[in-house]
Amino acid sequence: MSGVQEQLEIRFRLPDGSDIGPKNYSTASTVTTLKESIIAEWPKEMENQPRTVNDLKLINAGRILENNNTLAECRSPICDLSGVTTMHVVVRPPSIERETKKKESKISKENQCGCVIL
(Lines give C-alpha, C1' and ligand atoms only; values in the text may rest on other atoms or scores of the structure.)
Protein backbone atom coordinates (compact mmCIF):
# COMPACT_ATOMS: atom_id res chain seq x y z
CA MET A 1 0.00 0.00 0.00
CA SER A 2 1.42 3.39 -0.91
CA GLY A 3 1.73 6.41 1.37
CA VAL A 4 -0.53 8.48 -0.90
CA GLN A 5 -4.06 8.73 0.43
CA GLU A 6 -6.90 8.09 -1.95
CA GLN A 7 -8.96 11.12 -2.97
CA LEU A 8 -12.70 11.26 -3.62
CA GLU A 9 -14.29 13.90 -5.80
CA ILE A 10 -17.47 15.06 -4.05
CA ARG A 11 -20.25 17.43 -5.05
CA PHE A 12 -22.75 18.65 -2.44
CA ARG A 13 -26.34 19.11 -3.62
CA LEU A 14 -28.04 21.84 -1.59
CA PRO A 15 -31.77 21.92 -0.76
CA ASP A 16 -32.51 24.42 -3.57
CA GLY A 17 -30.90 22.15 -6.18
CA SER A 18 -27.67 24.14 -6.54
CA ASP A 19 -24.28 22.55 -5.95
CA ILE A 20 -21.09 23.20 -4.02
CA GLY A 21 -18.11 21.59 -5.74
CA PRO A 22 -17.04 19.17 -6.98
CA LYS A 23 -13.93 19.20 -4.82
CA ASN A 24 -11.39 16.52 -3.86
CA TYR A 25 -11.29 15.17 -0.30
CA SER A 26 -9.03 12.58 1.27
CA THR A 27 -10.69 9.33 2.35
CA ALA A 28 -9.27 10.10 5.83
CA SER A 29 -11.43 13.26 6.04
CA THR A 30 -14.26 13.09 8.54
CA VAL A 31 -17.88 13.97 7.85
CA THR A 32 -17.42 16.89 10.26
CA THR A 33 -14.63 18.23 8.01
CA LEU A 34 -16.97 18.03 5.00
CA LYS A 35 -19.72 19.87 6.89
CA GLU A 36 -17.28 22.61 7.93
CA SER A 37 -16.30 23.00 4.27
CA ILE A 38 -19.97 23.25 3.26
CA ILE A 39 -20.65 25.95 5.88
CA ALA A 40 -17.61 27.94 4.68
CA GLU A 41 -18.76 27.76 1.04
CA TRP A 42 -22.51 28.15 1.66
CA PRO A 43 -24.01 30.77 -0.70
CA LYS A 44 -24.61 33.96 1.30
CA GLU A 45 -27.84 34.79 -0.57
CA MET A 46 -29.56 31.53 0.44
CA GLU A 47 -32.06 31.45 3.27
CA ASN A 48 -31.75 29.05 6.20
CA GLN A 49 -27.98 29.28 6.57
CA PRO A 50 -26.45 26.57 8.77
CA ARG A 51 -24.47 27.90 11.73
CA THR A 52 -22.90 24.70 13.04
CA VAL A 53 -22.14 21.22 11.73
CA ASN A 54 -25.09 19.94 13.79
CA ASP A 55 -27.42 22.03 11.59
CA LEU A 56 -26.46 19.87 8.59
CA LYS A 57 -27.14 16.29 7.61
CA LEU A 58 -25.22 14.65 4.75
CA ILE A 59 -26.90 11.85 2.84
CA ASN A 60 -24.98 9.48 0.59
CA ALA A 61 -26.55 6.45 -1.09
CA GLY A 62 -29.63 6.79 1.13
CA ARG A 63 -27.64 6.81 4.39
CA ILE A 64 -27.25 9.70 6.83
CA LEU A 65 -23.53 10.06 7.52
CA GLU A 66 -22.32 10.29 11.12
CA ASN A 67 -20.03 13.21 12.03
CA ASN A 68 -17.19 11.13 13.47
CA ASN A 69 -16.91 8.71 10.53
CA THR A 70 -14.26 9.09 7.84
CA LEU A 71 -15.07 9.02 4.14
CA ALA A 72 -13.40 5.61 3.92
CA GLU A 73 -15.87 4.29 6.51
CA CYS A 74 -18.84 5.85 4.69
CA ARG A 75 -18.03 4.51 1.23
CA SER A 76 -20.53 2.36 -0.55
CA PRO A 77 -20.28 0.50 -3.85
CA ILE A 78 -22.45 3.20 -5.43
CA CYS A 79 -19.68 5.79 -4.85
CA ASP A 80 -17.24 3.77 -6.91
CA LEU A 81 -19.37 3.70 -10.08
CA SER A 82 -18.66 7.26 -11.20
CA GLY A 83 -15.92 9.85 -10.92
CA VAL A 84 -17.93 12.36 -8.89
CA THR A 85 -19.95 11.41 -5.82
CA THR A 86 -22.99 13.56 -5.09
CA MET A 87 -23.97 13.94 -1.44
CA HIS A 88 -27.24 15.58 -0.52
CA VAL A 89 -27.27 18.28 2.14
CA VAL A 90 -30.24 18.75 4.46
CA VAL A 91 -30.41 21.79 6.72
CA ARG A 92 -32.22 21.57 10.02
CA PRO A 93 -34.44 24.64 10.28
CA PRO A 94 -33.69 26.73 13.37
CA SER A 95 -37.39 26.91 14.28
CA ILE A 96 -37.53 23.17 15.05
CA GLU A 97 -35.32 23.63 18.11
CA ARG A 98 -37.51 26.43 19.47
CA GLU A 99 -40.74 24.50 18.79
CA THR A 100 -39.37 21.44 20.56
CA LYS A 101 -38.50 23.49 23.65
CA LYS A 102 -41.99 25.06 23.65
CA LYS A 103 -43.64 21.62 23.45
CA GLU A 104 -41.46 20.30 26.28
CA SER A 105 -42.38 23.24 28.51
CA LYS A 106 -46.11 22.78 27.75
CA ILE A 107 -45.90 19.06 28.57
CA SER A 108 -44.13 19.72 31.86
CA LYS A 109 -46.76 22.33 32.82
CA GLU A 110 -49.62 19.98 31.92
CA ASN A 111 -48.22 17.19 34.06
CA GLN A 112 -47.97 19.29 37.23
CA CYS A 113 -50.44 18.83 40.03
CA GLY A 114 -52.19 21.93 41.32
CA CYS A 115 -53.81 20.50 44.47
CA VAL A 116 -53.79 22.54 47.65
CA ILE A 117 -54.74 21.03 51.02
CA LEU A 118 -55.99 23.51 53.61
Sequence neighbours excluded, which residues qualify as side chain to side chain donor-acceptor pair (under 3.5 Å) partners of [X]?
{"X": "Asn68", "answer": "none"}
{"X": "Thr33", "answer": "Thr30"}
{"X": "Ser18", "answer": "Asp16"}
{"X": "Asp19", "answer": "Arg13"}

Partners of [X] by side chain to side chain contact (heavy atoms under 4.5 Å, CB included), sequence neighbours excluded?
{"X": "Thr27", "value": "Glu6, Leu8, Ala72, Arg75"}
{"X": "Asn24", "value": "Gln7, Glu9"}
{"X": "Ile64", "value": "Lys57, Ile59"}

Provide the closest heavy-atom pair for [X] versus [Y] in the form atom of the first, atom of the second, distance.
{"X": "Val84", "Y": "Pro22", "answer": "CG1-CB, 4.0 Å"}
{"X": "Cys74", "Y": "Val31", "answer": "SG-CG2, 3.9 Å"}
{"X": "Trp42", "Y": "Glu47", "answer": "NE1-O, 4.4 Å"}

About how many Å separate CG of Leu58 and CZ of Arg63, when rounded to the nearest 0.5 Å? 12.0 Å
If you define the side chain from C-beta out and look only at heavy atoms, does anything of Ile20 sit under 4.5 Å from Val89? no
Given side-chain contact (heavy atoms from CB on, under 4.5 Å), test Val91 with Met46 step by step and report yes or no. CA-CA 12 Å; Val91 181; Met46 278 186 66; over 6 Å; no
Review item, side-chain donor-acceptor pairs of residues 34-41, under 3.5 Å, at least two apart:
residue: Lys35; atom: NZ; partner: Leu56; partner atom: O; Å: 2.8
residue: Lys35; atom: NZ; partner: Asn67; partner atom: OD1; Å: 2.6
residue: Ser37; atom: OG; partner: Tyr25; partner atom: OH; Å: 2.9
residue: Ser37; atom: OG; partner: Glu41; partner atom: OE2; Å: 3.3
residue: Glu41; atom: OE2; partner: Lys23; partner atom: NZ; Å: 3.2

